[in-house]
Amino acid sequence: MTAPTTGATAATTPPEAEEVLTVRGLSVAVNDVGLVQDVDLTIRRGERVGLIGESGSGKSLTALSIMGLLPEDITATGSVRLAGVEHDLIGADESRMSRVRGKDIAMVFQEPMTALNPTMKVGRQVAEPLLIHRTRLDRASAHAAAVDLLDQVGIPDPAAAAQAYPHQFSGGQRQRIVLAIALANDPALLVCDEPTTALDVTVQAKVLDLIVRGVEERDAAMLFITHDLAVVATACERVLVMYGGRVVEAGPVQDVFTRPRHRYTQGLIGASNLALVDENGRLSTIAGSVPGGGQFPAGCVFRTRCPQATQECAERPPWTSTGPDAGYACFHPTSPEEVVSHG
Ligand SMILES: Nc1ncnc2c1ncn2[C@@H]1O[C@H](COP(=O)(O)OP(=O)(O)OP(=O)(O)O)[C@@H](O)[C@H]1O
Ligand code: SF4
Ligand SMILES: [Mg+2]
């Protein structure tokens, strides 16, 4: 992982742009154990939002809740509203969700083969969401649109590629095909969960570029989950930082990466900076590991790993959840200069 750049290249979305995704008080639990707690998130039309945090912090469960794809034994509460969809996505049954998924909201996951049918020609797989959601479209037009989509994501000789099966493509090409399927119906929201992590490093940047371009061309909103802070700095305007199932900090990428307020964010940014070594020459990392299975302490969820924790941190959480970027704080924030020295 490379150090995040401090100047996000993404343009700023006008504040008056329509809210595409509005998540309020999202909590996820299994057998009464809380895995995600009280997440608020707003994404406006044309806005790209990164979601970062160590493994196990609740990023994927948040994304799966938004898409109604949680395993059966996991329950989500709170509210997930999508522009143009009358009902709340939380609690919506599968028949309602299947009308939304692949049309208003689409997703790209880490492993493209899990999204592709190995026994179906890729042209048919790209045409399928068009035929499902656009009832007046005939097969020939859907096929032509599929070939065009394959062309848009840079698949060479797209007409011939449409006749081939997934195993005949490389990992990077398969992820392009998944992207073509996701973008087929011009979704209002694209959710990406580590879409380039499993790919060869040489093709990661190209696939990321295609994702950003595809979203930009459609003026769609994007939620982008990644461990790579440099990717967030390049591709996103805003970022949410999760730890222990909570959003501990949120804000414009440039603010969060240059002036992180929460000790956890400071540690995360320090850990990503390979040039950052302590006085003993060791790389800066966050000490300890994320507790599994929702076993987080009361008060500040980070306090068992935080060198600055005080009694106050044990008594109550330092943040409130009252809006898209509001109220996330640490009881003992540091100055940015200090961040560099303790990571
Ligand atoms: N089906 C499940 N049953 C029980 N616990 C689960 C289940 N799925 C996830 N969890 C737990 O919920 C927590 C959050 O998981 P999640 O997959 O959202 O993490 P993540 O932030 O996406 O991590 P990663 O970066 O490794 O993908 C973890 O402690 C995980 O063990
Ligand atoms: S609130 Fe306390 S325990 Fe939590 S990050 Fe801040 S100083 Fe550390
Ligand atoms: Mg995950």
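Owing to the predicted nature of the structure, the values given are computational and were not obtained by experimental measurement. Here, residue 1 is the first one in the sequence, and each next residue gets the next number. Note that ligands are numbered from 1 as they come in the structure, with each ligand's atoms numbered from 1 the same way.
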Student: Which ligand 2 atoms, with their elements, are less than 4.0 angstrom from a heavy-atom of H262?
Tutor: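 Heavy-atom distances to H262 below 4.0 Å select 5 (S).
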Student: Distance to 0.1 Å, residue and atom name: give those for the protein heavy atom nearest to atom 31 (O) of ligand 1.
Tutor: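 Going by distance alone, atom 31 (O) of ligand 1 is nearest to G293 N, 4.4 Å.
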Student: Tell me the protein heavy atom at minimum distance from atom 8 (N) of ligand 1, and give that distance in Å.
Tutor: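 Minimum-distance protein heavy atom for atom 8 (N) of ligand 1 reads L61 CD2, 4.0 Å.
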Student: In ligand 2, which numbered atoms sit nearer than 4.0 Å to a non-hydrogen atom of A309?
Tutor: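 So the answer, numbered in order with elements, is 3 (S).
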Student: Taking only Lys NZ, Arg NE, NH1 and NH2, and the carboxylate oxygens of Asp or Glu, determine whether K59 and E194 approach each other closer than 4.0 Å.
Tutor: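 So K59 does not pair with E194 through a salt bridge.
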Student: Does L223 share a hydrophobic cluster with L240, counting links as ILVMFWY side-chain heavy atoms below 4.5 Å and allowing steps through other members?
Tutor: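 Yes, because L223 and L240 connect within a single hydrophobic cluster, where side-chain heavy atoms sit under 4.5 Å apart.
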Student: Is it the case that T226 and D228 place a side-chain donor and acceptor less than 3.5 Å from each other?
Tutor: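 Note: T226 and D228 side chains miss the donor-acceptor criterion.
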Student: Determine the sole option in I66, L26, L51, T22 for which the side-chain contact (heavy atoms from CB on, under 4.5 Å) test with L41 is passed.
Tutor: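 It is I66, the one option of I66, L26, L51, T22 that forms the side-chain contact (heavy atoms from CB on, under 4.5 Å) with L41.
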Student: Can you pull out the closest protein heavy atom to atom 24 (P) of ligand 1? Residue, atom name and distance to 0.1 Å, please.
Tutor: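 Protein heavy atom with the smallest distance to atom 24 (P) of ligand 1: S55 OG, 3.6 Å.
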Student: Within the structure, is a non-hydrogen atom of G53 found at a distance of less than 4.0 Å from ligand 1?
Tutor: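 No.
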Student: Examine the proximity of ligand 1 to I74 and report which part, side chain or backbone, both or neither, has a heavy atom under 4.0 Å away.
Tutor: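 Answer for I74: side chain.
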Student: Considering only protein heavy atoms, which is closest to atom 10 (N) of ligand 1, and at what distance to one decimal place?
Tutor: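 Here the closest protein heavy atom is L35 CD1, 3.9 Å.
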Student: For ligand 1, is H227 a contact, meaning one of its heavy atoms is under 4.0 Å away?
Tutor: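 Contact present.
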Student: Give a yes or no on whether I105 and V39 share a hydrophobic cluster (residues Ile, Leu, Val, Met, Phe, Trp, Tyr; joining criterion: side-chain heavy atoms under 4.5 Å apart).
Tutor: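 Per the 4.5 Å side-chain linkage, I105 and V39 are co-clustered.
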Student: How far is atom 17 (O) of ligand 1 from its nearest protein heavy atom, and which residue and atom is that?
Tutor: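 Closest protein heavy atom to atom 17 (O) of ligand 1: S60 CB, 3.7 Å.
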Student: State whether E94 and R101 are salt-bridged, where the test is any N-O pair (Lys NZ or Arg NE/NH1/NH2 against Asp/Glu carboxylate O) under 4.0 Å.
Tutor: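 Looking at R101 together with E94, the answer is yes, because their closest N to O distance falls below 4.0 Å.
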Student: N/O/S atom of C313 under 2.8 Å from atom 8 (Fe) of ligand 2, yes or no?
Tutor: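 False for C313.
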Student: Is E312 touching ligand 2 with its side chain, its backbone, both, or neither, if touching means heavy atoms under 4.0 Å apart?
Tutor: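 Near ligand 2, E312 shows nothing, with every heavy atom at 4.0 Å or more.
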Student: Under 4.0 Å from a heavy atom of R263: give me the atoms of ligand 2 that qualify, with their elements.
Tutor: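 Within the 4.0 Å cut-off of R263, ligand 2 contributes 5 (S), 6 (Fe), 8 (Fe).
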Student: Less than 4.0 Å from atom 2 (C) of ligand 1, is there any heavy atom belonging to the protein?
Tutor: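 It does; a protein heavy atom is within 4.0 Å.
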Student: Donor-acceptor check, side chain of R176 to backbone of I155, threshold 3.5 angstrom: yes or no?
Tutor: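 No, R176 side chain to I155 backbone: no donor-acceptor pair under 3.5 Å.
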